[in-house]
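Position 1 is the first residue of the sequence, and the numbers go up from there. For the numbers below, each heavy atom of this structure counts, side chains included, while hydrogens, waters and symmetry mates do not.
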Amino acid sequence: MLYDIVDRNLKRIENDLKEIEGLKCIDFMDIFPTSEDHKVQLDQELISISTILEETERGIVYALNNPIDTKYGKLKYVKIRFFDETRLNWEAAADFAVVDRNILLDKVGKDNRFKYIERPDWDAVEFKTNNTLIYFLEPLASEVYNDNKEA
């Protein structure tokens, strides 16, 4: 199930990703369950193929034992979100690393698909359309979870 969701989501956002200058690699993916039952199924699948890194207010973050090879690099970190009806438009949201995030920050306010989000521990540029949800975070999830793993 997870592999199908990852594959479908990356195919869905492929054309939008062509617009992103300096795209380096995939870093993380949020999966949005379509129901409570779907969430339970996803969590059961992930428990057998990964390690739980963190339980957050929005869901459980996993490190895959065998990262998924994608055309955008290896996907190692996945969060299965709690069921949320407001996310039904999107099956997943991928985070990517870019060469220069300032190029994306410069689009905020000029292109309504780009939005800046700031939280206490991170900030992000969100790229959002009716069927695309992509994030460019600082710090990257892989940096945060690699640091936690070594602690």
Is Lys11 salt-bridged to Asp7, cutoff N-O under 4.0 Å? yes

Pair Asp106 + Lys110, salt bridge at N-O below 4.0 Å: yes

Let's go through Thr70 and Val6 carefully: what are the C-alpha distance in whole Å and the side-chain angles of both, what is the deciding distance for side chain to side chain contact (heavy atoms under 4.5 Å, CB included) to 0.1 Å, and is it a yes or a no? CA-CA 9 Å; Thr70 76; Val6 169; 4.3 Å; yes

Mind running side chain to side chain contact (heavy atoms under 4.5 Å, CB included) on Thr51 and Asn65 for me, showing each step along the way? CA-CA 7 Å; Thr51 304; Asn65 297 334; 3.6 Å; yes

Under 6.0 Å between ring centres: does that hold for Phe127 and Phe114? yes

Below 4.5 Å, heavy atoms only, C-beta onward: do [X] and [Y] meet side chain to side chain?
{"X": "Glu126", "Y": "Tyr116", "answer": "no"}
{"X": "Thr56", "Y": "Lys79", "answer": "yes"}
{"X": "Lys39", "Y": "Arg81", "answer": "no"}
{"X": "Ile20", "Y": "Val98", "answer": "yes"}
{"X": "Ile31", "Y": "Met29", "answer": "yes"}
{"X": "Ile103", "Y": "Glu21", "answer": "yes"}
{"X": "Leu75", "Y": "Leu10", "answer": "no"}

Can you tell me how far the [atom1] atom of [X] sits from the [atom2] atom of [Y], to the nearest 0.5 Å?
{"X": "Lys71", "Y": "Cys25", "atom1": "NZ", "atom2": "SG", "value": "14.5 Å"}
{"X": "Asp16", "Y": "Asn131", "atom1": "CG", "atom2": "CG", "value": "7.0 Å"}
{"X": "Tyr77", "Y": "Glu143", "atom1": "OH", "atom2": "CD", "value": "10.5 Å"}
{"X": "His38", "Y": "Ile80", "atom1": "NE2", "atom2": "CD1", "value": "8.0 Å"}

Just jot down the salt bridge (Lys or Arg N to Asp or Glu O under 4.0 Å) partners of Asp100, sequence neighbours excluded, or say none. none

Under the rule for salt bridge (Lys or Arg N to Asp or Glu O under 4.0 Å), what residues qualify as partners of Arg113, not counting sequence neighbours? Glu19, Asp111

Quick one: do the [X] and [Y] side chains pair a donor with an acceptor below 3.5 Å?
{"X": "Tyr145", "Y": "Glu54", "result": "yes"}
{"X": "Asp27", "Y": "Ser142", "result": "yes"}
{"X": "Tyr62", "Y": "Asp43", "result": "yes"}

Does Asn66, at its CG atom, have more than 12 non-hydrogen atoms belonging to other residues, nucleotides or ligands within less than 6.0 Å? no

If you draw a 6.0 Å radius around CG in Asn130, do more than 12 non-hydrogen atoms from other residues or ligands fall strictly inside? no

Quick one: closest heavy-atom pair of [X] and [Y], and the distance?
{"X": "Ala93", "Y": "Tyr135", "answer": "CB-CE1, 3.8 Å"}
{"X": "Ala141", "Y": "Phe28", "answer": "CB-CD1, 3.5 Å"}
{"X": "Phe83", "Y": "Pro33", "answer": "CD1-O, 3.3 Å"}
{"X": "Ala94", "Y": "Ile13", "answer": "CB-CD1, 4.2 Å"}
{"X": "Val144", "Y": "Pro139", "answer": "CG2-CG, 3.6 Å"}
{"X": "Ala63", "Y": "Ser50", "answer": "O-CB, 2.9 Å"}

Any donor-acceptor N/O pair, [X] side chain to [Y] backbone, under 3.5 Å:
{"X": "Arg101", "Y": "Phe136", "answer": "yes"}
{"X": "Thr132", "Y": "Thr129", "answer": "no"}
{"X": "Glu45", "Y": "Leu2", "answer": "yes"}

Going only through I, L, V, M, F, W and Y residues with side-chain contacts under 4.5 Å, is there a path from [X] to [Y]?
{"X": "Leu105", "Y": "Ile134", "result": "yes"}
{"X": "Met1", "Y": "Ile49", "result": "yes"}
{"X": "Ile68", "Y": "Leu17", "result": "yes"}
{"X": "Leu137", "Y": "Leu23", "result": "no"}
{"X": "Val78", "Y": "Ile5", "result": "yes"}

Mind checking what makes ring pair (Phe, Tyr, Trp, His ring centres under 6.0 Å) contact with Tyr72, not counting sequence neighbours? Phe96

